[in-house]
Protein chains: 2
Amino acid sequence: MKLTTRSEYALLALIHLARHEGDEYVPVAAIAEAQGVPHRFLEQLLLVLKRARLVKSQKGQRGGYRLARPPAKISLAEVIRLLDGALAPTESVSTYFYEPTPVERERRLLRVFQEIRDLVAAKLEKTTLADVR
Amino acid sequence: MKLTTRSEYALLALIHLARHEGDEYVPVAAIAEAQGVPHRFLEQLLLVLKRARLVKSQKGQRGGYRLARPPAKISLAEVIRLLDGALAPTESVSTYFYEPTPVERERRLLRVFQEIRDLVAAKLEKTTLADVR
DNA sequence: AGTATTCCGACGGGACTAGTCGGGTAAGGA
DNA sequence: TCCTTACCCGACTAGTCCCGTCGGAATACT
């Protein structure tokens with residue numbers, strides 16, 4: 001039932017970028033300082049975001065990062081799933097990663113977990129950076 | 001966003017006990033075999049459940065465990081919170097365990113997490129063993 | 001007495017988390 | 001051309017947590 005700092009920091013970084021859409025290419029150092037997260041660590045996360053094409057980067061002087069899409073087109077779900085894996089509270093309930101467990105035989109219990117997953121997923125899916133900017 | 005096997009197994013055990021309410025005092029071995037979970041491990045979990053007064057125990061021959069309350073009075077929330085800690089997706093959003101983080105300054109984001117926590121908590125709070133038995 | 005069963009604390013291996021570090025690569029400016 | 005800025009990449013580490021296992025003590029029934 002927990003979120004790692006990875007997705008938390010990633011979200012903070014994206015929010016920062018969403019706020020500076022005009023400035024194009026904000027360096028990691030600026031984001032890190034503004035949001036109070038470790039520079040070197042954030043670098044890693046932004047790299048992941050870049051590979052997933054959520055942000056674009058520019059090297060060298062005046063380089064940095066910017067959003068690859070408008071904030072309204074980036075959902076929290078996408079970010080969290082990317083950094084933390086499945087959204088489901090238990091492995092055997094995810095539609096993205098499947099693996100059998102002993103809980104599976106308890107259909108009613110599983111059902112409850114499915115409903116929760118759907119609730120959470122729906123909420124995260126429809127909340128975008130534009131909403132939390 | 002994940003549940004540990006601890007609470008999963010604990011729930012399975014409780015469900016088993018709920019199904020055998022008349023038999024009073026089911027030994028751990030029986031539960032473990034029925035639900036397919038490691039005997040020695042489950043023992044630990046039941047001990048926790050006992051200390052929290054969710055179950056009662058009886059030592060010696062014909063001993064074992066039984067529910068301390070009717071199934072309808074035991075919510076999933078209670079069990080999961082006991083074994084896994086807070087239900088909130090991020091630490092700074094739980095009403096039970098509080099600790100400050102850098103995410104706190106992002107009010108809108110925090111708000112979303114709070115809503116999710118409330119959603120999940122409400123669901124788990126009102127679902128009881130009687131529902132999943 | 002003997003046997004079944006809970007109770008308790010300790011321990012261990014593996015995975016994961018949260019970072020750090022050193023250096024490589026590209027872009028811009030002087 | 002050369003220097004500086006900044007991204008890029010992989011390796012590494014220290015700590016924590018998870019999933020169990022184990023040995024044995026205490027207790028209750030037969």
Side-chain angles (χ1 to χ4, degrees), chain A residues 1-10 12-13 17 23-33 35-66 68 80 83-86 89-91 97 99 101-103, chain B residues 1-10 12-13 17 23-33 35-66 68 80 82-86 90-91 97 99 101-103:
Chain A
M1 264 358 193
K2 207 163 147 230
L3 218 53
T4 65
T5 59
R6 289 167 55 84
S7 43
E8 292 189 12
Y9 290 173
L12 292 180
L17 290 180
D23 313 11
E24 40 191 294
Y25 297 119
V26 185
V28 177
I31 308 175
E33 183 166 11
Q35 301 288 27
V37 305
H39 175 179
R40 286 295 234 157
F41 189 39
L42 185 55
E43 211 171 57
Q44 285 190 358
L45 308 179
L46 281 168
L47 225 31
V48 175
L49 295 179
K50 184 205 161 195
R51 293 189 190 116
R53 301 182 198 284
L54 290 180
V55 299
K56 286 193 292 195
S57 69
Q58 168 81 357
K59 285 188 182 177
Q61 273 182 176
R62 314 216 40 180
Y65 288 92
R66 59 181 303 191
I80 293 174
L83 278 301
D84 278 8
T90 181
E91 294 297 338
F97 302 78
E99 196 179 348
T101 76
V103 186
Chain B
M1 270 355 196
K2 208 166 149 228
L3 219 52
T4 65
T5 59
R6 290 167 54 82
S7 44
E8 292 189 11
Y9 289 172
L12 291 181
L17 290 181
D23 313 11
E24 41 191 292
Y25 296 120
V26 185
V28 177
I31 308 176
E33 184 168 9
Q35 301 288 30
V37 306
H39 175 180
R40 287 295 236 160
F41 189 40
L42 185 55
E43 210 171 61
Q44 287 190 357
L45 308 179
L46 282 168
L47 225 32
V48 174
L49 294 179
K50 184 208 160 193
R51 293 188 188 118
R53 302 182 197 286
L54 290 180
V55 298
K56 287 193 291 195
S57 69
Q58 166 81 358
K59 286 187 182 177
Q61 270 184 178
R62 312 216 39 179
Y65 288 92
R66 59 182 301 190
I80 292 173
L82 182 64
L83 280 300
D84 278 7
T90 180
E91 294 297 338
F97 302 78
E99 197 178 348
T101 76
V103 186

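Convention: sequence-line order gives letters A, B, ...; per-chain numbering from 1.
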Peer 1: Indicate the atoms forming the closest heavy-atom contact of A:L45 with A:A10, along with that distance.
Peer 2: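 The pair with the smallest heavy-atom distance is CD1-N, 4.2 Å.
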
Peer 1: Side chains of A:L46 and A:I31: closer than 4.5 Å at any heavy-atom pair?
Peer 2: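 Counting from C-beta outward, A:L46 and A:I31 do come under 4.5 Å.
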
Peer 1: Does some side-chain heavy atom of A:L49 sit less than 4.5 Å from a side-chain heavy atom of A:Y65?
Peer 2: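 Counting from C-beta outward, A:Y65 and A:L49 never come under 4.5 Å.
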
Peer 1: Would you work out how much the helix from C:dA1-D:dT30 to C:dA30-D:dT1 bends between its ends, with each end axis defined by five base pairs, to 10 degrees?
Peer 2: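 End-to-end axis angle for the helix from C:dA1-D:dT30 to C:dA30-D:dT1: 10°, rounded to 10°.
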
Peer 1: OG1/A:T4 to NZ/B:K2 distance, rounded to the nearest 0.5 angstrom?
Peer 2: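 Between atom OG1 of A:T4 and atom NZ of B:K2 there are 12.5 Å.
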
Peer 1: Less than 4.5 Å apart, side chain to side chain, heavy atoms only: is that true for B:L82 and B:L54?
Peer 2: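 SC-SC contact between B:L82 and B:L54 confirmed.
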
Peer 1: With rounding to the nearest 0.5 Å, note down the distance linking CG in B:D84 to CG in B:L3.
Peer 2: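 The CG atom of B:D84 sits 5.0 Å away from the CG atom of B:L3.
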
Peer 1: Just to be sure I understand the rule, does A:Y25 reach a base, reach only the sugar-phosphate, or reach nothing, if contact means heavy atoms closer than 4.0 Å?
Peer 2: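 Contact class for A:Y25: none.
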
Peer 1: Quick one: are B:E43 and B:L47 in side-chain contact, heavy atoms under 4.5 Å?
Peer 2: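 No, every pair of side-chain atoms sits at 4.5 Å or beyond.
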
Peer 1: For residues 39-56 of chain B, which residues have at least one heavy atom under 4.0 Å from DNA chain D?
Peer 2: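 B:R40, B:F41, B:Q44 - these, ordered by number, are the residues of the stretch whose heavy atoms sit under 4.0 Å from the strand.
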
Peer 1: Please give me the minimum heavy-atom distance between B:P38 and B:A32, naming the atom from each residue.
Peer 2: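 Shortest heavy-atom separation between B:P38 and B:A32 comes out as C-CB, 4.4 Å.
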
Peer 1: Could you tell me the boundaries of the chain B footprint on DNA chain D, defined by atoms under 4.0 Å from its heavy atoms?
Peer 2: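 Reading along DNA chain D, I get D:dC19 to D:dT30.
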
Peer 1: Using the salt bridge (charged side-chain N to carboxylate O under 4.0 Å, His left out) criterion, which residues pair with B:R6? Sequence neighbours excluded.
Peer 2: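 With sequence neighbours excluded, B:R6 shows a salt bridge (charged side-chain N to carboxylate O under 4.0 Å, His left out) to no residue whatsoever.
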
Peer 1: Please name all residues satisfying side-chain hydrogen bond (donor to acceptor under 3.5 Å, both in side chains) with A:R62, sequence neighbours left out, ordered by chain then number.
Peer 2: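 Testing A:R62 for side-chain hydrogen bond (donor to acceptor under 3.5 Å, both in side chains), a comparison that skips the adjacent residues, returns none.
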
Peer 1: Might you list the N or O atoms of the protein lying below 3.5 Å from N or O atoms in nucleotides 28-30 of chain C, with each pair's distance?
Peer 2:
unit_1: C:dG28; atom_1: OP1; unit_2: A:Q58; atom_2: NE2; d: 3.2
unit_1: C:dG29; atom_1: O4'; unit_2: A:Q61; atom_2: NE2; d: 3.1

Peer 1: So, for A:A68 and A:R53, which heavy atoms are closest and what is the spacing to 0.1 Å?
Peer 2: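 So the two residues come closest at CB-O, 3.6 Å.
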
Peer 1: Shortest non-hydrogen contact from A:Y25 to A:K56?
Peer 2: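 Looks like CE2-O, 4.0 Å.
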
